[in-house]
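Notes follow once the structure below has been shown.
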Amino acid sequence: MNVNREELKRMIDHISEQEVAELLDFIGYLNMKREREALKNLEQASLTSMDFWDNPVDDEVWNDV
């Protein structure tokens with residue numbers, strides 16, 4: 001999607017202060033949504049990597065450390 005940021009800035013200049021506040025809230029929501037998705041992806045990656053280490057051979061090696 002190609003977004004013209006300058007046009008977006010011009011549009012913001014023509015809305016009320018209350019609408020600007022709502023827009024700011026929405027942008028905050030989008031940022032939070034993106035960060036939550038990134039955290040979810042990291043969590044999923046860490047869970048799948050745990051399967052690699054959860055085996056009897058490695059358990060025995062770590063028991064002697």
Side-chain angles (χ1 to χ4, degrees):
M1 178 181 217
N2 189 9
V3 176
N4 183 337
R5 291 175 181 256
E6 291 304 316
E7 177 63 22
L8 182 58
K9 291 174 187 175
R10 280 191 291 275
M11 291 173 73
I12 292 170
D13 287 338
H14 290 95
I15 62 176
S16 70
E17 287 300 314
Q18 183 173 345
E19 291 170 325
V20 170
E22 290 177 35
L23 182 58
L24 185 60
D25 285 344
F26 182 67
I27 291 170
Y29 162 77
L30 292 176
N31 287 333
M32 183 178 61
K33 181 179 164 186
R34 184 184 63 247
E35 290 169 5
R36 190 173 24 212
E37 186 65 28
L39 183 60
K40 181 178 157 188
N41 290 340
L42 285 173
E43 183 179 24
Q44 184 62 35
S46 70
L47 290 174
T48 58
S49 67
M50 290 300 293
D51 292 340
F52 173 80
W53 295 106
D54 188 19
N55 63 70
V57 172
D58 287 327
D59 287 346
E60 278 303 311
V61 170
W62 282 103
N63 285 340
D64 296 332
V65 173

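Remember, it's a predicted structure, so these values are computed and weren't measured experimentally. All heavy atoms count here, side chains included; hydrogens, waters and symmetry mates do not.
- Partners of Lys40 by side chain to side chain donor-acceptor pair (under 3.5 Å), not counting sequence neighbours: none found.
- One distance of note links CE of Met32 with CG of Asp25; it measures 10.5 Å at 0.5 Å rounding.
- Interatomic distance, CG of Leu30 versus CD of Glu35, reported as 11.0 Å (0.5 Å rounding).
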Run the side-chain donor-acceptor check on residues 15-23: report pairs under 3.5 Å with partners two or more places apart or on a different chain.
unit_1 : atom_1 : unit_2 : atom_2 : d
Ser16  : OG     : Glu19  : N      : 3.2
Ser16  : OG     : Glu19  : OE1    : 3.3
Glu19  : OE1    : Ser16  : N      : 3.0

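- Put simply, OH on Tyr29 and CZ on Arg34 are 12.5 Å apart, with the number rounded to the nearest 0.5 Å.
- Listed by chain and residue number, Glu7 satisfy the salt bridge (Lys or Arg N to Asp or Glu O under 4.0 Å) test with Arg10 (two or more places apart in sequence, or in another chain).
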